[in-house]
Amino acid sequence: MFLFILVFALLGCSGSEKLEKLDETVKLEGTVIGGESDSSFLFVEEFVEVNQGLTVEEAYEKYDSALLYSFSFEKDKLAEFKIGDKVIVWAPDEFYDTEPQGGTAEKVEIVE
């Protein structure tokens, strides 16, 4: 019986544990890897070193597409961040059906 509970607990922990839900939003931790425009940014759900911005095509070549997001935002709700910054992004838990997947960032915090 103990073995069954242990196996069930281990299997239950697999999958994307990076998504933390809070009030219909998710918390994603990663790196700003590109600035698509003045009102959106490209994000990878990993802490990586980036010296200059990547295009979407370059990001797909370099990273797993399941970890890529494109977020739009309102600058007055976000910390001042730049390409290469490690950040926490709070976004609605439903993403647009786009490539890369994306949505509207409600809040961005720079990780110190």
Side-chain angles (χ1 to χ4, degrees):
M1 181 67 168
F2 176 76
L3 182 60
F4 175 77
I5 292 171
L6 180 63
V7 170
F8 181 78
L10 291 175
L11 290 176
C13 292
S14 65
S16 181
E17 295 296 326
K18 295 179 181 181
L19 296 179
E20 177 183 320
K21 291 192 175 191
L22 178 68
D23 297 331
E24 302 302 317
T25 62
V26 292
K27 174 183 169 185
L28 303 168
E29 298 182 19
T31 308
V32 176
I33 60 171
E36 295 179 28
S37 72
D38 289 340
S39 62
S40 67
F41 62 97
L42 191 59
F43 170 87
V44 64
E45 195 179 0
E46 293 181 353
F47 289 139
V48 298
E49 296 300 320
V50 178
N51 296 325
Q52 60 184 6
L54 300 175
T55 65
V56 173
E57 292 79 20
E58 292 168 333
Y60 272 121
E61 288 177 15
K62 191 166 185 169
Y63 303 107
D64 180 354
S65 63
L67 303 176
L68 292 176
Y69 299 87
S70 176
F71 289 109
S72 60
F73 63 95
E74 295 177 26
K75 286 189 180 248
D76 62 334
K77 293 186 177 181
L78 304 178
E80 292 295 322
F81 60 87
K82 62 188 180 307
I83 293 170
D85 282 349
K86 284 134 182 81
V87 297
I88 298 171
V89 177
W90 291 95
D93 63 355
E94 292 186 18
F95 296 105
Y96 303 140
D97 188 22
T98 59
E99 288 294 328
Q101 63 184 338
T104 302
E106 294 190 3
K107 181 178 177 182
V108 175
E109 299 174 30
I110 297 173
V111 176
E112 299 293 330

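These values consider heavy atoms only, across backbone and side chains, with no hydrogens, waters or symmetry-generated copies.
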Less than 4.5 Å apart, side chain to side chain, heavy atoms only: is that true for Glu29 and Val111? no
Is there a donor-acceptor pair closer than 3.5 Å between any side-chain N or O of Thr31 and the backbone N or O of Val48? yes
Side-chain touch Ser72/Ser39, heavy atoms, less than 4.5 angstrom: no
Using a strict 4.0 Å threshold on nitrogen-to-oxygen distance, state whether Lys86 and Glu49 make a salt bridge. yes
Go through the steps for Tyr96 and Thr104 under the test side-chain contact (heavy atoms from CB on, under 4.5 Å), then give the verdict. CA-CA 9 Å; Tyr96 303 140; Thr104 302; 3.1 Å; yes
Scanning both residues in full, the closest heavy-atom pair of Pro100 with Val56 reads CD-CG1, 3.8 Å
Indicate yes or no for a side-chain donor-acceptor contact from Asp85 to the backbone of Val87 under 3.5 Å, with no hydrogens or angles considered. no
Looking only at heavy atoms, the pair that brings Glu58 and Gly53 closest together is OE1-O, 4.2 Å
How close do Tyr60 and Ser65 get, counting heavy atoms only, and between which atoms? CE2-CB, 3.0 Å
Under the side-chain contact (heavy atoms from CB on, under 4.5 Å) criterion, do Leu28 and Phe43 qualify, and how do the steps go? CA-CA 9 Å; Leu28 303 168; Phe43 170 87; 3.9 Å; yes
Which atoms form the tightest heavy-atom contact between Glu109 and Trp90, and what is the distance? OE2-NE1, 3.3 Å
Validation row: Ile33, Leu68 side chains within 4.5 angstrom (heavy atoms): yes
Here the pair of heavy atoms bringing Leu54 nearest to Lys62 is CD1-CD, 4.3 Å
Parallel, tilted or perpendicular: which fits the ring planes of Phe71 and Tyr69, with parallel below 30° and perpendicular above 60°? parallel
Provide the closest heavy-atom pair for Ala105 versus Val89 in the form atom of the first, atom of the second, distance. CB-CG1, 3.9 Å
Over 12 non-hydrogen atoms of neighbours within 6.0 angstrom of CG in Asp64: yes
